[in-house]
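What follows is one structure encoded as structure tokens, with my remarks underneath.
None of the values given here were measured: they were computed from a predicted structure.
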Amino acid sequence: PQYHAPIRKASTDVGVVTTGEATVLIDGKSGAILYSRDGAKALPIASLTKLMTAMVILDSGLNDQEEILLVKEDEPNEGRVVIGRGETFTRRELLQALLIGSVNTAGNALARTYPGGKEVFIEEMNKKAEELGLVSAQFTDPTGLDRTNVASAQDVAFILRHVLFYNDIPEITKRSSIELKSATGKTVLIQSTNLLLDSFLNKKPYTILAGKTGSLPEAGFCFAQATQDAAGNELIAVTLGSTNHFSRYQDVKALTAWGFELFTWE
């Protein structure tokens, strides 16, 4: 269906104060950009990369119940090891670890076991970015640990908008935690990195549809989230390069609340 962009109620309101180096708010259904501050600037996006990784995995149609043994090369050079070598999980469980707890080992294992391996997987990520018409998105690794993974806040908003067409990704990112059991019998509790799951944006009349965090010294603190109101209207807010762990949530919370208040959908 054809969706029309929402209409602004008060023309004097210029936006909200945010700490991010770049921020964007778009209407989820029409794709209209409702607010942008340096939204077209290419910046490192850290673990927001994992949204693209998840789409490429789901596009592949690979068996999600196939068991994958984690090996040394899957472990990241930095960050803590949540799940490690010698453990075996299904592809579906690794996708859940990737999206809920932003587990880097999971991203590396998913890319390594892709037909053609990691190199082909990264090619597919870039091909997908091109297909989606993303202007500045470039991917060099599946986790976002590489600072050369870049995109604009606008690109990230459109990635998240596309993610909403995949039932699996929103369903996974809405979970506050998951308990995974390795084939060896080891149980791992993975907590969501999205602190807004407990906020007013996930209580009536609002529902969080999907979200993803990211942080890296070169990227600052990043966050993207899609939120729906009781009438089914959707807003997607993105902040890149926010100053600290909590300010990125504040940025997205403020942008989303401001958007629902200032715009009207007919």
From Phe89 CZ over to Leu69 CG, what is the distance, rounded to the nearest 0.5 angstrom?
-> 10.5 Å

What do the steps show when you test Glu21 against Leu240 for side chain to side chain contact (heavy atoms under 4.5 Å, CB included), and what is the final call?
-> CA-CA 6 Å; Glu21 200 176 325; Leu240 300 181; 5.7 Å; no

Charged N-O contact under 4.0 Å between Asp168 and Arg92 | yes

Can you find a heavy atom in the side chain of Glu93 that is under 4.5 Å from one in the side chain of Ile68?
-> no

Are more than 12 heavy atoms from other residues, nucleotides or ligands located less than 6.0 Å from atom NZ of Lys204?
-> no

Closest approach of Gly241 and Cys222, non-hydrogen atoms and distance?
-> N-SG, 3.8 Å

Arg248 side-chain N/O to Phe221 backbone N/O, donor-acceptor pair under 3.5 Å = no

Test item: Val156 and Met52 side chains (from C-beta on) under 4.5 Å apart, heavy atoms | no

Cluster overlap Val71 with Val103, hydrophobic side-chain contacts below 4.5 Å = no

Spacing of CD1 belonging to Ile33 relative to CD1 belonging to Ile26, to within rounding of 0.5 Å | 7.0 Å

Determine, step by step, whether Ile169 and Met55 satisfy the side chain to side chain contact (heavy atoms under 4.5 Å, CB included) criterion, reporting the C-alpha distance in whole Å, the side-chain angles of both residues, the deciding distance to 0.1 Å, and the verdict.
-> CA-CA 8 Å; Ile169 306 176; Met55 285 196 286; 3.8 Å; yes

Between the main-chain N or O of Ala226 and the side-chain N or O of Arg161, is there a donor-acceptor pair closer than 3.5 Å?
-> no

Would Ile236 and Tyr3 show up in the same hydrophobic cluster when neighbours are defined by side-chain heavy atoms closer than 4.5 Å?
-> no

Please determine if Glu75 and Arg112 form a salt bridge, counting it only when a charged side-chain N lies under 4.0 Å from a carboxylate O.
-> no

Straight-line distance of Leu160 CG to Thr173 OG1, nearest 0.5 Å = 8.0 Å

State, without any angle test, whether Asn194 and Ser192 hold a side-chain donor-acceptor pair at a distance under 3.5 Å.
-> no

If you group Ile, Leu, Val, Met, Phe, Trp and Tyr by side-chain heavy-atom gaps below 4.5 Å, do Leu62 and Ile172 land in one group?
-> yes

Over 60° means perpendicular and under 30° means parallel, so classify the ring planes of Trp265 and Phe260, tilted if in between.
-> tilted

Output yes when a side-chain donor or acceptor of Asn202 lies under 3.5 Å from a complementary backbone atom of Thr207, and no otherwise.
-> no

Residues Gly86 and Thr184: closest non-hydrogen pair is O-CG2, 3.8 Å

Among Thr19, Thr23, Thr18, which one satisfies side chain to side chain donor-acceptor pair (under 3.5 Å) with Asp251?
-> Thr19

Does the pair Lys186 and Glu179 meet the rule for a salt bridge (Lys or Arg N to Asp or Glu O under 4.0 Å), with working shown?
-> CA-CA 10 Å; Lys186 185 185 172 187; Glu179 209 170 66; over 6 Å; no

For residues 173-201, pull every pair meeting ring-ring contact (aromatic ring centres under 6.0 Å, His included), keeping only residues two or more places apart or in separate chains.
-> none

Scan side-chain atoms only and decide if Lys50 and Asn104 contain a donor-acceptor pair under the 3.5 Å cut-off.
-> yes

Quick one: CG on Asn108 to OG1 on Thr53, what's the gap to the nearest 0.5 Å?
-> 9.0 Å

Side chains of Thr193 and Lys212: closer than 4.5 Å at any heavy-atom pair?
-> yes

Flag side-chain contact, heavy atom, 4.5 Å: Pro6 against Thr264 = no

Of the non-hydrogen atoms in Ala183 and Glu67, which two are nearest, and what is the gap between them?
-> CB-OE1, 4.4 Å

Has Glu261 got more than 12 heavy atoms of other residues, nucleotides or ligands less than 6.0 Å from its CD?
-> no

Hphob cluster co-occupancy, Leu98 + Tyr114, side-chain heavy atoms under 4.5 angstrom = yes

Look at atom CD of Glu119 and say whether more than 12 heavy atoms of other residues, nucleotides or ligands are closer to it than 6.0 Å.
-> no

Please determine, by modelled atom types, if Ser30 and Asp27 share a side-chain donor-acceptor pair under 3.5 angstrom.
-> yes

Is a donor on one side and an acceptor on the other found under 3.5 Å between the side chain of Ser182 and the backbone of Gly185?
-> no

Between Lys127 and Glu124, is there a salt bridge with N-O shorter than 4.0 Å?
-> yes

Is any side-chain N of the basic residue among Arg85 and Asp74 closer than 4.0 Å to the acidic one's carboxylate O?
-> no

CD of Gln96 to CD1 of Ile190: how many Å apart, nearest 0.5 Å?
-> 8.5 Å

Over 60° means perpendicular and under 30° means parallel, so classify the ring planes of Phe165 and His162, tilted if in between.
-> perpendicular

Test log, rule side chain to side chain contact (heavy atoms under 4.5 Å, CB included), inputs Leu196 and Gln225 = CA-CA 9 Å; Leu196 292 195; Gln225 183 173 274; 3.7 Å; yes

Leu132, Val150: one ILVMFWY side-chain cluster at the under-4.5 Å cut-off?
-> no

Contact summary for Leu58 and Leu95, nearest pair of heavy atoms = CD2-CD2, 3.9 Å

Step by step, would you call Phe223 with Val238 a side chain to side chain contact (heavy atoms under 4.5 Å, CB included)?
-> CA-CA 6 Å; Phe223 186 40; Val238 177; over 6 Å; no

Which heavy atom of Arg91 sits nearest a heavy atom of Ile57, and at what distance?
-> CD-CG2, 4.3 Å

Atom pair CG (Asn167) and CD (Glu171), whose distance is rounded to the nearest 0.5 Å | 8.0 Å

Any side-chain heavy-atom pair of Leu235 and Asn233 under 4.5 Å = no

Side-chain donor-acceptor pair under 3.5 Å between Ser102 and Ser47, yes or no?
-> yes

Heavy atoms only: give me the nearest Val120-Pro115 pair and the separation to one decimal.
-> CG1-O, 3.6 Å

So, Asn149 and Thr49: side-chain donor and acceptor under 3.5 Å apart, yes or no?
-> yes

Is Ser152 close to Lys41 at the side-chain level, that is, under 4.5 Å between some pair of heavy atoms?
-> no

According to the ring-ring contact (aromatic ring centres under 6.0 Å, His included) rule, which pairs have a member within residues 22-51, sequence neighbours left out?
-> Tyr35-Trp258

Could you tell me whether a side-chain N or O of Arg147 sits under 3.5 Å from a main-chain N or O of Pro217, the two making a donor and an acceptor?
-> no

Check whether any side-chain heavy atom of Ile83 sits under 4.5 Å from a side-chain heavy atom of Leu94, and report yes or no.
-> yes

For the residue pair Gln250 and Phe246, establish whether any side-chain heavy-atom pair is separated by less than 4.5 Å.
-> no

Over 12 foreign heavy atoms within 6.0 Å of CD, Glu131 = yes

What do you reckon, is NE2 of His245 surrounded by more than 12 foreign heavy atoms closer than 6.0 Å?
-> yes

